[in-house]
Asks: 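Just passing along the structure, written as structure tokens.
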Amino acid sequence: MTESISAVLEKHVRAIANWPEPGVTFRDITPLLQDGQALRFVIEKMIEEAQALGPIDKVIGIEARGFIFAPSIAIALGAGFVPVRKEGKLPADCHTVSYALEYGAATVEMHADAISPGERVLVVDDVLATGGTMAAVDQLIAEAGATVVADLVLLDLPALDGRSKLGDNVVISLHSY
């Protein structure tokens with residue numbers, strides 16, 4: 001594609017006002033997913049960012065939209081893919097972290113044998129909003145004795161200050177709104 005990554009994302013990510021609740025503007029990536037060329041371009045850009053980080057042992061995808069991007073990145077890096085899911089969705093022994101949401105709490109889980117101490121891990125999701133889920137996933141990795149090399153997202157919503165929850169972690173975003 002001859003367009004910049006920002007131009008492609010501006011064109012293919014639609015804003016939906018007042019969803020899922022009043023006052024929230026949801027960034028819908030389904031138009032991007034429906035355009036094969038744009039989707040390939042975005043994944044290639046995410047892979048380029050990941051390759052610049054040096055060796056990666058595992059790529060974690062956060063349920064659900066992180067699952068769209070993380071496996072392709074893992075394959076390109078020759079790394080394993082690890083799904084992090086909402087509570088109760090994984091069948092084997094799990095590491096678990098609970099965290100606060102704006103209106104309640106949530107829990108994420110990762111199989112206890114998914115990553116090993118000392119491994120270099122890349123975390124992938126579609127959007128960095130308030131940062132709670134990403135911070136919880138980073139905590140899962142730290143508790144397993146591995147290192148978070150970076151948190152990689154398609155979109156960042158800086159007005160929601162999610163980066164502040166991620167401490168000194170490297171955060172890579174292809175585009176900010």
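Only a predicted model underlies this, so the values are computations on that prediction, with no experimental measurement involved.
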Asks: Below 3.5 Å, can you tabulate the donor-acceptor pairs from side chains in residues 77-93 to any protein atom, sequence neighbours excluded?
Replies:
| from | atom 1 | to | atom 2 | distance (Å) |
| --- | --- | --- | --- | --- |
| Arg85 | NE | Glu63 | OE1 | 3.2 |
| Arg85 | NH2 | Glu63 | OE2 | 3.2 |

Asks: State, without any angle test, whether Glu109 and His95 hold a side-chain donor-acceptor pair at a distance under 3.5 Å.
Replies: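 Not at all, the side chains of Glu109 and His95 share no donor-acceptor pair under 3.5 Å.
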Asks: Answer whether the closest heavy-atom distance between the side chains of Leu155 and Val13 falls below 4.5 Å.
Replies: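 Yes - at least one pair of side-chain heavy atoms lies under 4.5 Å apart.
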Asks: Atom CD1 of Ile73 and atom CD of Glu44: how far apart are they, to the nearest 0.5 Å?
Replies: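 Atom-to-atom, Ile73:CD1 and Glu44:CD are 11.5 Å apart.
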Asks: Output all residues satisfying side chain to side chain contact (heavy atoms under 4.5 Å, CB included) with Ala106, sequence neighbours left out; order by chain, then residue number.
Replies: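 So Ala106 forms a side chain to side chain contact (heavy atoms under 4.5 Å, CB included) with Tyr99, Leu101.
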Asks: Partners of Ile43 by side chain to side chain contact (heavy atoms under 4.5 Å, CB included), sequence neighbours excluded?
Replies: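 Ile43: side chain to side chain contact (heavy atoms under 4.5 Å, CB included) contacts with Leu39, Ile47, Phe69, Ser72.
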Asks: Please list, chain by chain and in numerical order, all residues satisfying side-chain hydrogen bond (donor to acceptor under 3.5 Å, both in side chains) with Ser4, sequence neighbours excluded.
Replies: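 Per chain and number, Ser4 pairs via side-chain hydrogen bond (donor to acceptor under 3.5 Å, both in side chains) with no residue.
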Asks: Report all side-chain donor-acceptor pairs from residues 15-38 shorter than 3.5 Å, counting only partners two or more places apart or in another chain.
Replies:
| from | atom 1 | to | atom 2 | distance (Å) |
| --- | --- | --- | --- | --- |
| Asn18 | OD1 | Gly23 | N | 2.8 |
| Asp28 | OD1 | Thr30 | N | 3.0 |
| Asp28 | OD1 | Thr30 | OG1 | 2.8 |
| Asp28 | OD2 | Arg14 | NE | 2.6 |
| Asp28 | OD2 | Arg14 | NH2 | 3.0 |
| Asp28 | OD2 | Thr30 | OG1 | 3.0 |
| Thr30 | OG1 | Arg14 | NH2 | 3.3 |
| Asp35 | OD1 | Gln37 | N | 3.1 |
| Asp35 | OD1 | Ala38 | N | 3.0 |
| Asp35 | OD2 | His12 | NE2 | 3.0 |

Asks: Find the distance between OG (Ser173) and CG (Leu154) and round it off to the nearest 0.5 Å.
Replies: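 Atom-to-atom, Ser173:OG and Leu154:CG are 7.5 Å apart.
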Asks: Is the shortest side-chain heavy-atom distance between Leu152 and Leu122 below 4.5 Å?
Replies: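 Leu152 vs Leu122: side chains touch.
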Asks: Please report, to 0.1 Å, the donor-acceptor pairs under 3.5 Å made by any side chain of residues 140-151, with sequence neighbours excluded.
Replies:
| from | atom 1 | to | atom 2 | distance (Å) |
| --- | --- | --- | --- | --- |
| Glu143 | OE2 | Gln139 | NE2 | 2.8 |
| Asp151 | OD2 | Asn169 | ND2 | 3.3 |

Asks: Between Gly131 and Leu166, what is the shortest heavy-atom contact and its length?
Replies: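 For Gly131 and Leu166, the tightest heavy-atom pair comes out as O-CD2, 4.1 Å.
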Asks: Give the cluster check for Val171 versus Val137: same hydrophobic cluster or not, with ILVMFWY residues linked at side-chain heavy-atom distances below 4.5 Å.
Replies: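 Looking at the clustering, Val137 is in the same group as Val171.
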Asks: Which pairs with one or both residues in residues 153-164 pass side chain to side chain donor-acceptor pair (under 3.5 Å), sequence neighbours excluded?
Replies: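 Matches after skipping sequence neighbours: Asp156-Arg163, Asp161-Ser164.
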Asks: Which residues pass the ring pair (Phe, Tyr, Trp, His ring centres under 6.0 Å) test with His111, sequence neighbours left out?
Replies: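 Here no residue qualifies.
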Asks: In terms of hydrophobic clusters joined by side-chain contacts under 4.5 Å, are Val124 and Val170 together?
Replies: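 Yes, same cluster.
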Asks: Would Met46 end up clustered with Leu157 when hydrophobic side chains under 4.5 Å apart are linked, directly or stepwise?
Replies: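 Same hydrophobic cluster.
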Asks: Can you give each donor-acceptor pair under 3.5 Å made by side-chain atoms of residues 50-61, sequence neighbours left out, with the distance rounded to 0.1 Å?
Replies:
| from | atom 1 | to | atom 2 | distance (Å) |
| --- | --- | --- | --- | --- |
| Asp57 | OD2 | Arg120 | N | 2.7 |
| Lys58 | NZ | Ala114 | O | 2.8 |
| Lys58 | NZ | Glu119 | OE1 | 3.1 |
| Lys58 | NZ | Glu119 | OE2 | 3.3 |

Asks: May I have all residue pairs that pass salt bridge (Lys or Arg N to Asp or Glu O under 4.0 Å) and include part of residues 164-177, sequence neighbours excluded?
Replies: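 Qualifying pairs: none.
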Asks: Report the C-alpha distance between Thr96 and Val108 in whole Å, list the side-chain angles of each, state the deciding distance to 0.1 Å, and finish with yes or no for side chain to side chain contact (heavy atoms under 4.5 Å, CB included).
Replies: CA-CA 6 Å; Thr96 302; Val108 289; over 6 Å; no
Asks: Could you give all pairs that pass the salt bridge (Lys or Arg N to Asp or Glu O under 4.0 Å) test and reach residues 122-139, with sequence neighbours left out?
Replies: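 Non-adjacent pairs meeting salt bridge (Lys or Arg N to Asp or Glu O under 4.0 Å): Arg65-Asp126.
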Asks: Taking only residues two or more places apart in sequence, or in another chain, which ones meet Lys45 in a side chain to side chain contact (heavy atoms under 4.5 Å, CB included)?
Replies: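 Applying side chain to side chain contact (heavy atoms under 4.5 Å, CB included) to Lys45 gives Ile5, Phe41, Glu48, Leu174.
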